[in-house]
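Proteins get letters first, then strands, A, B, ... in listed order; numbering begins at 1 in each.
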There are 4 protein chains.
Amino acid sequence: MTRAERKKAELRREIIDASFECFAKHGYHATGIADIATTLGIGHGTFYRYFENKRDIIDHVIDDLIAKIISALAVENAPDAANTLDEYRAQVGRIAEALPRIFFDDPRIPRVLLFETTGVDADLTGRMLDLLDQSASLTAAYLHHGVECGYLRADLDVDNTAQAVNGMMLASAIHGLRADSSVDCAALNQAISRLMFDGIRAENA
Amino acid sequence: MTRAERKKAELRREIIDASFECFAKHGYHATGIADIATTLGIGHGTFYRYFENKRDIIDHVIDDLIAKIISALAVENAPDAANTLDEYRAQVGRIAEALPRIFFDDPRIPRVLLFETTGVDADLTGRMLDLLDQSASLTAAYLHHGVECGYLRADLDVDNTAQAVNGMMLASAIHGLRADSSVDCAALNQAISRLMFDGIRAENA
Amino acid sequence: MTRAERKKAELRREIIDASFECFAKHGYHATGIADIATTLGIGHGTFYRYFENKRDIIDHVIDDLIAKIISALAVENAPDAANTLDEYRAQVGRIAEALPRIFFDDPRIPRVLLFETTGVDADLTGRMLDLLDQSASLTAAYLHHGVECGYLRADLDVDNTAQAVNGMMLASAIHGLRADSSVDCAALNQAISRLMFDGIRAENA
Amino acid sequence: MTRAERKKAELRREIIDASFECFAKHGYHATGIADIATTLGIGHGTFYRYFENKRDIIDHVIDDLIAKIISALAVENAPDAANTLDEYRAQVGRIAEALPRIFFDDPRIPRVLLFETTGVDADLTGRMLDLLDQSASLTAAYLHHGVECGYLRADLDVDNTAQAVNGMMLASAIHGLRADSSVDCAALNQAISRLMFDGIRAENA
DNA sequence: CATGAATGAGCCTTCATTCAT
DNA sequence: TATGAATGAAGGCTCATTCAT
């Protein structure tokens, strides 16, 4: 890669980052190409040398965020890493910590991912929903493995339960967004974990 | 109420409905006042006799949707109506049916409520988040009652669990939105219910 | 005149007055028909039963103001009433008091007459200029009589001097408009009078 | 100054000039931004690259006109240049020629200055009145000097007389505006001059 | 006759995009 | 290649005017 190519890739990177910042701060619609360019200190004509149009950039911003999340989850164990309930519990605990670490450390990520992907386009909304589906599929893989290993209910409706669990993670992400989110979300994760494994029913009920 | 007042209220109603339709079909930003007026076959100046401006109307559309949901849930039993686990299970089942009935029968409702309330305004996003909070509070009331009656775990973290349950309902709502949602969502509701009461752990694990 | 006709004429009168008030307070362009109607507590459709359109009303407002001024000046002596310089001086003094009495007592009159007759229409501007011309003609008649009687310079350029004098009265009217017009305009009138009769030159110059 | 900057300043200049033309021909309110742009053969969006909004441009048009007038008067002698009555008379004559030269050569100048500055804004009207005040102040300086030198009446009410003289100049400006102003205004200037210095009284009266 | 609901021409303004420099 | 001047489609909003009630 020549030096010029490297600089080009670098600026492309910076435009994506600046766009992300602007979208997070003011929203997609309230952000102008000029705002993004000004943030970077470049001419706004330059933007169009790197991206097709305004619609184009948000796709790349989202791509970027998805990649970030996937890489953050990838460091965790694979779906088939847990062979006992306790191991699985620990695994879930690790995942339940990893996701908020991303979302909570930079609330702009869930904000853009959840709030700016809707209200633009059917396509973009679809991408966000696809992401949720993929997340559910991943969870389903975990659950499936647990059923096979026998530490999860044999009659578990894997796919639908995965969606339900997905919803709880969504709740966690949204919870982290609220302004008064100084409360740590560990308690919420704990509650989710207990709910998943034990349900809410009293022992003797 | 005079006849003129009735007609006025009626048109106001129709403008809200037409706006809802437009927002659901094309989104808030892609909808022009002219679109709303054309949908109704009225002049676009007429719109401004009934609502302050474009931003104003979506508030009223949302108000309307919230009212619809609340009235749909209001027919269900109060939080303290269930005194045993089985009664509560039945209650949850009824609620789990009522909500999708609204959302599934008219997918435009969750679409507007979830997707068009973001990307407009911090205020409007806040209203949506508040609605989620209220929903969680209501769930918390149910759970709280269950703990007091003894049919739910005494050590249940009521508030956080309520948020988790809220997330599952959110997943259900989103699930109902997908284009290929011909699948009935009864299975998802069932899975949520099982998850809530029994957890996912195998009996012997 | 029937009772109905009297009421009609009366409302017509009130609309003119209300329009005058609105024009004086907010200006012609910033005044809407609705403002005028609201001032009177009538429906704004009613306006159109009495006047053709918005452009029409200002003509009548101006007509009204002109009539007011003329009637105020009419009480003064006719151009040929003065036969000596002292009589003329006294006459000028009376006129110089009458005009400000109208303008100063109700500054809305000169404001509308001078400021709202321009910036609407060439026609309306023309009417205002015609009014100035008529005023100059009247002054010229006074001067002409004075020359004939011999108490004014025989070589006086009657018409142009009349215009100059007119300008001084204009200055007086504008002077009375300024916000800080608490200063009495008697001094200005005095200065105008001295200038007219004696000029500004030192005796011995 | 770079070439780009020069072109930018030039277009700015042209926009001001075109606006002046439009305002003079149709008035401020009847002129649309599109009219100004069309006059120049530029896109109307370009206008907004140079001026904030419609209200902004008229301020600059007026600034321009005021600058023109001041520079035209600046070539004349300073207030303290005349030391005898004859010198002063000559000075007044020069000024009396300079002003009409601007106003008469381009009647659009007094038209915009006098007629389009009212009926827009209290601010703009105020600016016009301030200009009249400044003009009166300048005249007062001339008169003051004359009194001190002894060639003007010692008991001259300098400030109020200055306002009166101002009014005569105003009359002159307005006189030059009339459509039938083919008559040269030298006669009016002459009349004003005679009135100022000699008054209208007959020698022997 | 009075009313005010309805109308739509028309305006100002924004901003994504293009392209000459 | 970077720039930013120029553009004009697009849209929100106002308000004078009409007309059915």
Distance check needed: [N] [atom2] versus [X] [atom1], whole Å only.
X	N	atom1	atom2	value
A:Glu10	F:dT1	CD	P	16 Å
B:Phe47	E:dG8	CZ	P	17 Å
B:Ile42	E:dA6	CD1	P	8 Å
A:Arg55	E:dC15	CZ	C1'	18 Å
A:Asp56	E:dA16	CG	C1'	13 Å
B:Glu5	E:dG4	CD	C1'	13 Å
B:Arg12	E:dA6	CZ	P	13 Å
C:Asn53	F:dC15	CG	C1'	14 Å

Do other residues, nucleotides or ligands put more than 12 heavy atoms under 6.0 Å from A:Lys68 NZ?
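Counting other residues, nucleotides and ligands, NZ of A:Lys68 exceeds 12 neighbours.
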More than 12 heavy atoms of other residues, nucleotides or ligands under 6.0 Å from CD of C:Glu52: is that the case?
no
Atom pair CZ (D:Arg13) and NE2 (D:His60), whose distance is rounded to the nearest 0.5 Å
10.5 Å
Nearest 0.5 angstrom please: D:Lys25 NZ to D:Arg111 CZ, how far?
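Between atom NZ of D:Lys25 and atom CZ of D:Arg111 there are 11.0 Å.
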Does a donor on one side chain sit under 3.5 Å from an acceptor on the other, for C:Thr118 and D:Thr118?
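Distance-only check passes for C:Thr118 and D:Thr118.
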For D:Pro110 against D:Leu177, the heavy-atom pair lying closest together
CG-CD2, 3.8 Å
Could you report the tightest heavy-atom contact between D:Lys54 and D:His29, atom names first, then the distance?
NZ-O, 3.8 Å
Reading DNA chain E 5' to 3', how would its secondary structure be written in dot-bracket notation, given Watson-Crick and G-U pairs with both distances under 3.5 Å, brackets [ ] for crossing pairs and | for partners on other strands?
.||||||||||||||||||||
Report the nucleotide, chosen from E:dA2, E:dA5, E:dA16, that has the shortest atom-to-atom distance to any side-chain atom of A:Lys54.
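The closest nucleotide is E:dA16.
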Please evaluate the base of F:dA6 for a donor-acceptor partner in the side chain of D:His44 within a cut-off of under 3.5 Å?
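Checked by distance alone, the answer is no.
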Output the residues of residues 15-40 of chain D in contact with DNA chain F, where contact means a heavy atom of the residue under 4.0 Å from an atom of the strand; sort by number or write none.
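The stretch gives none, as no residue of it lies under 4.0 Å from the strand.
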Under 4.0 Å: is that the gap between some side-chain N or O of A:Tyr48 and OP1 or OP2 of F:dT3?
no
Is B:Tyr50 close enough to E:dA6 that one of its side-chain N or O atoms is under 4.0 Å from OP1 or OP2 there?
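Yes, because at least one side-chain N or O of B:Tyr50 sits under 4.0 Å from OP1 or OP2 of E:dA6.
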5'-most contact on DNA chain F: D:Lys8 or B:Thr46, nearest heavy atom basis?
D:Lys8
Nearest-nucleotide 5' precedence on DNA chain F, A:Arg49 against D:Leu11:
A:Arg49
Quick one: which residue pairs count as a salt bridge (Lys or Arg N to Asp or Glu O under 4.0 Å) with a foot in residues 115-132 of chain C, not counting sequence neighbours?
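Residue pairs with at least one partner in residues 115-132 of chain C: C:Arg55-C:Asp121, C:Asp59-C:Arg127, C:Asp63-C:Arg127, C:Asp130-D:Arg178.
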Checking side chain to side chain contact (heavy atoms under 4.5 Å, CB included) against C:Val112, which of C:Ile62, C:Thr117, C:Asp64, C:Asp106 comes through?
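Exactly one pass, corresponding to C:Ile62.
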